[in-house]
Amino acid sequence: MIESGKLYGHISTWLSRWKLLNLPSSGMSYRPLLAEVDDISSGSSDDNPTFTLDYIDRLAVEKRLLRKLDLRVAFLVLILIVNNMDCTNAAVARLHGYEEDLGMVGNDFNTLMSIFYVGYFLTQAPSNMFLDRMVRPSLYLSSCMVIWGCLTVLMGAVQTYYASLMLRFLVGFVEATFFPGAVFVLSRWYKPNELGLRTALLSCGGSISNAFGALFASGIVGSLDGTLGFTAWRWLFFVEGALTIVVALSAMGILPDFPSSPNIWLLPDEQILAKQRMEEVTSKNEHKSKPREYYSGLAEALMDWKVWWVGVALHLMFASMSFGMFFPTLSATMGYNETTSLLLCAPPWILGTATSFVVARHSDATGDRFWHIAGPLLVGIAGFILAISTMNTTVRYISLFLMTQGPVAYVIALTWIMNTFSQAHSKRAAAIALINSIGTAGAIGSSYFWPFSWGPSYVKSYMICILTSIMSIAMFWVLRMHLSRCNEAAEAEEKSLGLPKGLRHLL
């Protein structure tokens, strides 16, 4: 080992070369530098020791780290916006001759919307398990994005319904890699009490897309209809697909990888702290469970009943949010023309986006998850009841503002999932993907909740949404009760064995 006098000399020399720590004379003082000195192998000199930075002015470094991470999360939001635009562009195209040009009849359009989520269901779990073993998730996610952008462009060139159906399935199949993958990447960088706001920031991309995507689409169909002989809905797919490809190419150098991977946008002390933060979260749970090497993360997730329970609860929540897929159709029931109907879609989703930030921040501050899920769902139920009660244009438009509060619950539910399954990286990756797969499967059947024959009042559709919302709230309440008992049992075990306080489930 190195003698103490030499160690201090080496540390002093090293610090003088670390320019970032030359603080101005403002009265700020350092925290102590803690360094771990490794044994020196035979043949090495005491004049060249190796040590690992563990802690230097942590608050300042952590602030820099989070600021850089948040900027990259902001780019993830942009990707989710184009992702959601590619999900919902068929609903906009429906208002501009999409069904007529491809000869759709009966429930053909509902099947087109449904098959997208079949692809989603099949891909999410295996994709996340593959992602967990990757060094550069940024390249994987952005490459998938290029592929679905190309498929979206091709959708604008189809001549038959069945070709459109096949491409729609493939777009969903490839798109499914992004959202659960992005959520998993966030869970590898942020602590549990930081995830709520960041998940809200990521998820708000969907709401922003629902709001401004409609405005963007109205601009495309209004200005390009008939250009080069292509109808408006074809231009919609061409432009949005090309935009996806451009964003994807930019994402290759911007998206974050894992803390354990080299990240050129991080300074050495930030990279060390990023790893340390995640080790601290994991170490809090080490005394509660011992990993079994013969189990894969996927097998552990499959055998955990909570994964299936939460998956079904999320499935019901997705079904209650199915109105979002047909939002332009619901807006059109107020009797305005196509362009005005698209413009009227924006304000309700803007309010929903703003609410998601407020609710997520309050949820993180209070440590409560369940009531921040139940509250938005109850507001959404009030919107459904209001829409059922009258055909008055003003009242029905107000009901749309209330309905868009329901999806806020999904943001909090997703954060709660990451908090609850936070022990092992592989299990967390599998749990997030499995739960999201089961959840998005709710959109497969709920695509048939809104046939034209039930319009324009859609009373039956709204009744189904009310029922699924209530069932989802009830299932999350059961989860809350179970996690509360787990916390009590863990506390009793720690007291009896004299163990330090470990991780507690958020309720």
Side-chain angles (χ1 to χ4, degrees), residues 200 203-204 206-207 210-211 309-331 333-334 344-345 347-360 362-363 368-416 439-443 445-451 454-481 507:
S203 300
C204 80
S207 297
N210 288 327
W309 186 267
V310 177
V312 173
L314 209 64
H315 180 100
L316 294 167
M317 186 186 293
F318 260 92
S320 72
M321 298 189 305
S322 59
F323 68 89
M325 292 186 286
F326 298 88
F327 210 75
T329 300
L330 298 180
S331 179
T333 62
M334 292 184 289
L344 288 173
C345 290
W349 287 112
I350 293 173
L351 178 64
T353 302
T355 305
S356 66
F357 283 109
V358 175
V359 174
H362 190 262
S363 178
D368 174 85
R369 298 302 188 216
F370 171 76
W371 291 111
H372 290 77
I373 292 173
L377 287 177
L378 290 172
V379 175
I381 289 174
F384 299 142
I385 294 173
L386 200 61
I388 290 172
S389 64
T390 180
M391 286 299 295
N392 178 273
T393 300
T394 302
V395 176
R396 286 180 73 84
Y397 192 52
I398 292 173
S399 74
L400 296 181
F401 282 86
L402 298 178
M403 290 179 207
T404 56
Q405 303 308 301
V408 175
Y410 175 68
V411 176
I412 310 302
L414 198 60
T415 307
W416 201 8
T440 51
S446 61
S447 298
Y448 296 93
F449 289 179
W450 306 89
W454 288 5
S457 63
Y458 290 104
V459 172
K460 295 178 182 178
S461 306
Y462 289 129
M463 290 295 290
I464 295 173
C465 290
I466 290 172
L467 178 62
T468 53
S469 295
I470 293 172
M471 292 173 66
S472 181
I473 292 172
M475 292 191 72
F476 278 115
W477 172 256
V478 173
L479 177 68
R480 184 182 190 274
M481 292 296 98
L507 305 177

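The shortest heavy-atom contact between Ser322 and Phe449 is OG-CD1, 3.7 Å. Here the closest non-hydrogen pair linking Leu377 and Ser469 is CD1-O, 4.3 Å. Taking each heavy atom of Ser447 and Met325 in turn, the nearest pair found is OG-CE, 3.7 Å. For the residue pair Leu479 and Val310, the shortest heavy atom distance occurs at CD2-CG2, 3.6 Å. Considering all non-hydrogen atoms of both residues, Trp349 and Pro407 come closest at CZ3-CG, 4.0 Å. Shown here for Arg480 and Leu507, the closest heavy-atom pair between the two residues is NE-O, 3.4 Å.
No close placement of the Tyr462 and Phe323 rings is indicated, their centers lying 6.0 Å or farther apart.
For the pairing with Met317, the side chain to side chain contact (heavy atoms under 4.5 Å, CB included) check across Ile373, Thr468, Val312 returns one residue only, Ile373.
Here the CD1-OG distance, from Ile381 to Ser320, works out to 8.0 Å after rounding to the nearest 0.5 Å. How far CG of Leu314 is from CG of Leu414: 7.5 Å, rounded to the nearest 0.5 Å. In this structure, OH on Tyr410 lies 12.0 Å from CD1 on Ile412, to the nearest 0.5 angstrom. Note: Leu351 CG to Ser356 OG = 10.0 Å, rounded to the nearest 0.5 Å. Distance check: Gln405 CD to Leu378 CG gives 12.5 Å after rounding to the nearest 0.5 Å. Expressed to the nearest 0.5 Å, how far CG of Leu344 lies from OG1 of Thr393 amounts to 10.0 Å.
Annotation for Met334: atom CE counts as buried by contact number, over 12 foreign heavy atoms lying within 6.0 Å. With a 6.0 Å radius and a threshold of 12 heavy atoms from other residues, nucleotides or ligands, Met481 has its CE atom above the threshold.
In this view, Tyr397 and Phe401 satisfy the ring pair (Phe, Tyr, Trp, His ring centres under 6.0 Å) rule, not counting sequence neighbours. Partners of Ser461 under the side chain to side chain contact (heavy atoms under 4.5 Å, CB included) rule, at least two apart in sequence or in another chain, are Trp450, Trp454, Tyr458.
A side-chain donor-acceptor contact under 3.5 Å links Thr404 to the backbone of Pro348. Listed for the Ser363 side chain is no donor-acceptor partner under 3.5 Å among the backbone atoms of Val359.
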side-chain contact (heavy atoms from CB on, under 4.5 Å) between Leu402 and Ile385, worked out: CA-CA 10 Å; Leu402 298 178; Ile385 294 173; over 6 Å; no
Audit row: Asp368, His362, side-chain contact (heavy atoms from CB on, under 4.5 Å) steps and yes/no: CA-CA 8 Å; Asp368 174 85; His362 190 262; over 6 Å; no
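Side-chain contact annotation: Arg396 with Thr390, donor-acceptor N/O pair under 3.5 Å absent.
Aromatic ring orientation, Trp416 versus Phe476: parallel (interplanar angle below 30°, classes split at 30° and 60°).
Two residues are said to be in side-chain contact when any heavy atoms from C-beta on lie closer than 4.5 Å; Thr355 and Val379 fail this criterion.
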